[in-house]
Amino acid sequence: MKNQIKEKIIQTVSQKFPQTLQLKDKIKVDIPKEEKFGDFATNIAFLLSKPVGKKPIEVAKEIQELLQQQEDFSKVEVAGGGFVNIFLSPAFYKKVLKKVVKEGERYGERREKDRGRINIEFVSANPTGPLHLGHGRGAVVGNVQANLYDYMGYKVEREFYINDAGNQIKKLGKSVYARFRQIEDPTYPFPEDGYHGDYIKDIAQHLYKYEREKILSMVDESQAVDFCGEFAKQMLLERIKEDLKEFGVEFDIWFSEKKLYDSGKVEEALQILKEKGLLYEKDGAVWLKTTEFGDDKDRVVIKSDGSYTYFAGDIAYHYDKLKRGYDFIVNVWGADHHGYIPRLKGAVISLGADENWFNVILIQMVKLFKGGQEVKMSKRAGDFIPLKYLIDEVGKDAVIYFFLTKDSNTHLNFDIDLALKKSAENPVYYVQYAHARISSVFREAKERFGFDVEKDFEGDVSLLDKPVERAIMKYLASLPDLVVEAGEQKQPHKLTQITYTLASHFHYYYNNFKFLVEDQKLMEARLYLLKGVREGLRTLFRLMGITPLERM
RNA sequence: GCGCCCGUAGCUCAGUAGGAUAGAGCGCCGAUUUCCGGGGUCGGAGGUCGCAGGUUCAAAUCCUGCCGGGCGCACCA
């Protein structure tokens with residue numbers, strides 16, 4: 001909507017001031033905070049002031065005259081030293097409501113997925129333990145960002161990178177094996193750097209029950225450790241998949257690190273870097289000149305023992321993604337990896353990627369609070385809080401919503417008590433209540449007046465002349481812009497704010513006006529508006545993965 | 001030491017590709033509540049946007065320096 005308005009303004013104004021076309025990117029069309037400043041306001045006069053050689057306010061007055069002739073605008077004013085304020089006409093609002101009601105839970109979505117094919121990789125938890133809260137936050141942020149890209153018209157692939165090679169799995173195997181042996185021999189030593197969580201014991205118990213003979217008959221202990229590691233990995237991976245599915249997150253691609261190594265991609269990628277003269281040998285190891293991409297020191301890709309570093313694997317992984325032909329990719333990482341970004345980005349660019357191809361969203365810590373006390377978690381020690389625990393505690397919808405309340409790059413304090421409250425203090429409750437209330441009104445409309453809101457009907461928008469009603473329609477008009485903006489900025493947390501604002505508009509409306517009134521025409525108009533609000537909410541809920549409740 | 005992130009109301013935080021009087025929730029103060037759906041509703045006070053400069057018609061937002069907090073700087077993954 002905003003872009004349409006902007007286009008209209010540029011088109012109209014440029015007829016008199018051709019310079020407008022050069023300023024296209026700097027011209028802003030915004031929704032002012034205060035109603036008296038109109039439905040939309042533009043800074044165009046400030047920008048034209050210099051090239052035209054007149055004061056902003058004078059230019060604004062000339063623009064005002066031009067714009068006043070547009071039919072979608074009922075009034076155009078000049079204020080604040082040169083802002084051009086535009087008021088929309090009922091004809092415009094009518095178009096908006098019609099569109100929302102028609103498009104339903106996909107309101108404003110770009111149906112043609114023709115803007116490109118992209119990949120978004122997230123969670124990518126090591127299969128060495130259950131998912132914890134940090135993974136959960138990454139899962140939500142990644143998944144919702146993917147939904148946003150889809151909304152904007154991209155073909156999106158969701159990917160989970162499985163770190164199933166290297167030391168972590170070995171450590172896992174050792175841990176499980178030790179627990180396994182401890183069942184019969186409590187003095188059997190547990191590895192110092194092993195995984196301490198109880199889930200390791202559970203896996204060991206399982207193996208003891210079903211595979212005891214097989215494991216004990218293995219002559220070589222390292223063979224038994226490998227077996228345990230492989231088994232535990234599979235089991236944990238299955239559990240991760242189940243947790244994610246229950247959480248509403250599904251992946252298109254499960255990419256195995258191990259298979260990457262087997263594919264020869266590492267050699268291939270390194271060969272390219274070598275040809276570019278970016279590799280050199282020192283102290284028996286092979287180094288990549290990451291200092292050329294702004295890193296403070298060069299990094300090892302092949303260790304002196306001949307094995308690859310994790311970095312080498314990641315280069316190859318991204319080389320593989322590059323060859324898959326995505327227009328761009330996004331990685332959702334824990335914020336502690338931020339120092340890793342420049343060097344990987346540099347490597348990827350050296351492999352032929354475009355400057356903007358490689359993108360990262362960082363996820364900060366989640367702290368859990370219950371009864372005013374912080375619930376501590378630490379994966380290494382094994383006393384971390386599993387994601388599943390939180391979901392069982394407050395429900396999927398609350399977890400998702402709260403994970404989206406703040407910018408992913410800031411620390412999040414999750415208040416369990418708040419998430420469980422059934423009152424307006426709890427934002428999840430508040431937004432879901434809005435949807436349930438609308439459903440309730442619709443049920444009532446049918447029972448008392450025999451009016452079926454689900455049928456195809458159109459209310460008389462000209463009867464919706466109350467300030468709240470206009471505010472709601474205006475907000476619905478800008479909804480797609482706001483969603484796209486959240487997506488472009490890679491800030492999915494903005495969805496909760498958009499949702500909250502829409503819900504609060506509705507609650508205010510509900511608290512001050514009756515919808516089921518005697519005047520049939522007025523009732524239909526208001527129900528029509530409510531239907532628009534409902535579809536707006538459903539669109540947002542769908543993007544976030546939250547359930548729209550009919551009653552609660 | 002170098003790099004990144006953060007610093008906004010009493011509290012938890014939005015707002016940062018520059019825009020008009022910096023927002024929300026909680027808490028606090030006041031009023032109100034026999035109502036489709038109860039757990040309310042309406043209003044008010046509350047700010048040196050960490051500090052100091054700079055750019056601009058316009059800075060919480062951009063630039064520089066400093067202060068305070070977090071994190072990262074492996075032949076680990």
Side-chain angles (χ1 to χ4, degrees), chain A residues 25-26 28 30 32-34 36-38 41-43 45-47 49-50 55-57 79-83 85 124 126 128 163 165-171 193 257 282-287 294-314 334-343 362 364-365 369 405-407 409-415 418 421-427 429-430 433 436-445 447-449 485 488-489 491 493-494 496-497 500-501 504 507-508 510-517 523 530 551-552:
Chain A
D25 293 335
K26 296 186 81 175
K28 286 186 75 171
D30 280 318
K33 284 166 222 157
E34 284 192 61
K36 65 175 177 182
F37 294 136
T42 175
N43 63 344
F46 292 104
L47 301 171
S49 167
K50 229 170 222 174
K55 284 183 183 172
I57 189 131
F83 282 99
N85 297 333
S124 298
N126 287 343
T128 53
N163 293 120
N167 283 336
Q168 306 283 346
I169 302 299
K170 186 144 275 172
K171 210 158 83 179
D193 59 346
E257 181 189 10
K282 194 182 87 179
D283 305 332
V286 177
W287 300 67
D295 205 355
D296 44 6
K297 56 178 284 194
D298 291 341
R299 309 288 167 173
V300 169
V301 285
I302 305 175
K303 301 182 217 171
S304 51
D305 69 0
S307 64
Y308 296 116
T309 59
Y310 182 82
F311 184 40
D314 244 3
D336 54 339
H337 289 79
H338 72 255
Y340 196 67
I341 298 172
R343 80 184 82 139
L362 293 177
Q364 290 282 2
M365 283 289 166
F369 287 85
T405 49
K406 294 175 189 20
D407 189 323
N409 199 22
T410 64
H411 293 270
L412 174 69
N413 292 332
F414 195 111
D415 184 346
L418 177 62
K421 273 189 188 161
K422 289 185 188 298
S423 73
E425 285 174 64
N426 178 358
Y429 181 87
Y430 187 79
Y433 190 39
R437 257 184 166 172
I438 293 172
S439 303
S440 164
V441 172
F442 288 176
R443 282 195 296 273
E444 197 75 15
E447 272 174 41
R448 284 191 6 211
F449 296 84
E485 191 179 277
E488 274 171 355
Q489 296 177 353
Q491 303 209 305
H493 75 280
K494 287 188 172 175
T496 53
Q497 280 157 43
Y500 192 89
T501 304
S504 75
H507 285 305
Y508 178 87
Y510 182 96
N511 289 326
N512 290 282
F513 293 91
K514 276 188 166 286
F515 311 130
L516 305 178
V517 291
M523 179 181 85
L530 287 202
R551 55 183 85 223
M552 48 197 293

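Note that the coordinates shown come from a computational prediction; the quantities given were computed from them, not determined experimentally. Residue numbers begin at 1 in each chain, while the letters A, B, ... track the order of the sequences.
By the side-chain hydrogen bond (donor to acceptor under 3.5 Å, both in side chains) test, Asp407(A) is found to be paired with Gln491(A), residues two or more places apart in sequence or in another chain being considered. Shown here are the ring-ring contact (aromatic ring centres under 6.0 Å, His included) partners of Phe513(A), two or more places apart in sequence or in another chain: Tyr509(A). For Arg448(A), the side-chain contact (heavy atoms from CB on, under 4.5 Å) partners are Glu444(A), Leu516(A), not counting sequence neighbours. Evaluation of the side-chain hydrogen bond (donor to acceptor under 3.5 Å, both in side chains) rule for Gln497(A) yields no partner, not counting sequence neighbours. Residues forming a ring-ring contact (aromatic ring centres under 6.0 Å, His included) with Tyr500(A) (at least two apart in sequence, or on another chain): Tyr430(A). By the side-chain hydrogen bond (donor to acceptor under 3.5 Å, both in side chains) test, Asn43(A) is found to be paired with no residue, residues two or more places apart in sequence or in another chain being considered. When the ring-ring contact (aromatic ring centres under 6.0 Å, His included) test is applied to His337(A), no partner is found at least two apart in sequence or on another chain. Take Asp298(A) and apply the side-chain hydrogen bond (donor to acceptor under 3.5 Å, both in side chains) test, not counting sequence neighbours, and it matches Tyr280(A), Thr291(A). With sequence neighbours excluded, the residues that form a ring-ring contact (aromatic ring centres under 6.0 Å, His included) with Phe414(A) are Phe402(A), Phe403(A).
If you take NZ of Lys55(A) and C1' of A58(B), they are 16 Å apart, rounded to a whole angstrom. Taking atom CG on Asn43(A) and atom P on A17(B), their separation rounds to 14 Å, with Å as the unit. Rounded to an integer number of Å, the gap from Asp305(A) CG to A74(B) P is 18 Å. For Tyr500(A) and G15(B), the OH to C1' distance is 16 Å, given to the nearest whole Å.
If you take atom C1' in C6(B) and the same atom in C51(B), they sit 16 Å apart, rounded to whole Å. Using atom P as the reference point in both C62(B) and A17(B), the two lie 7 Å apart (nearest Å). G53(B) and U61(B) are spaced 14 Å apart, taking the P atom of each and rounding to whole Å. Straight-line distance between the C1' atoms of C49(B) and G68(B): roughly 16 Å, to the nearest whole Å. Comparing the same atom, C1', in A74(B) and in G27(B) gives a spacing of 48 Å after rounding to whole Å.
Here Ala41(A) lies in heavy-atom contact (under 4.0 Å) with a base. Nucleic acid contact for Asn163(A): none, since no nucleic acid atom lies under 4.0 Å from a heavy atom of the residue.
Residue Lys494(A) places at least one side-chain N or O closer than 4.0 Å to OP1 or OP2 of U16(B).
No hydrogens or angles were tested; on distance alone, a donor-acceptor pair under 3.5 Å links the side chain of Asn85(A) to the base of A20(B).
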For nucleotides 31-41 of chain B, give me one character per nucleotide, 5' to 3': B if any protein heavy atom sits under 4.0 Å from the base, S if the only such contacts are to the sugar-phosphate, - if neither. -----BBBB-S

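Closest to the His493(A) side chain, of the nucleotides A77(B), G19(B), G15(B), is G15(B).
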List every contact pair, protein side and nucleotides 2-11 of chain B side both N or O, where the distance is under 3.5 Å.
{"residue": "G3(B)", "atom": "N2", "partner": "His338(A)", "partner atom": "NE2", "Å": "2.6"}

Reading RNA chain B 5' to 3', what string of ( ), [ ], | and . shows its pairs, if Watson-Crick and G-U wobble pairs count only when both distances fall under 3.5 Å? (((((((..((((.....[...)))).(((((.......))))).....(((((..]....))))))))))))....

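Using modelled atom types and a 3.5 Å distance limit, the side chains of Gln489(A) and Lys494(A) yield a donor-acceptor pair.
Using the six-membered ring where Trp is involved, Tyr310(A) and Tyr340(A) have ring planes that are tilted, between 30° and 60° apart.
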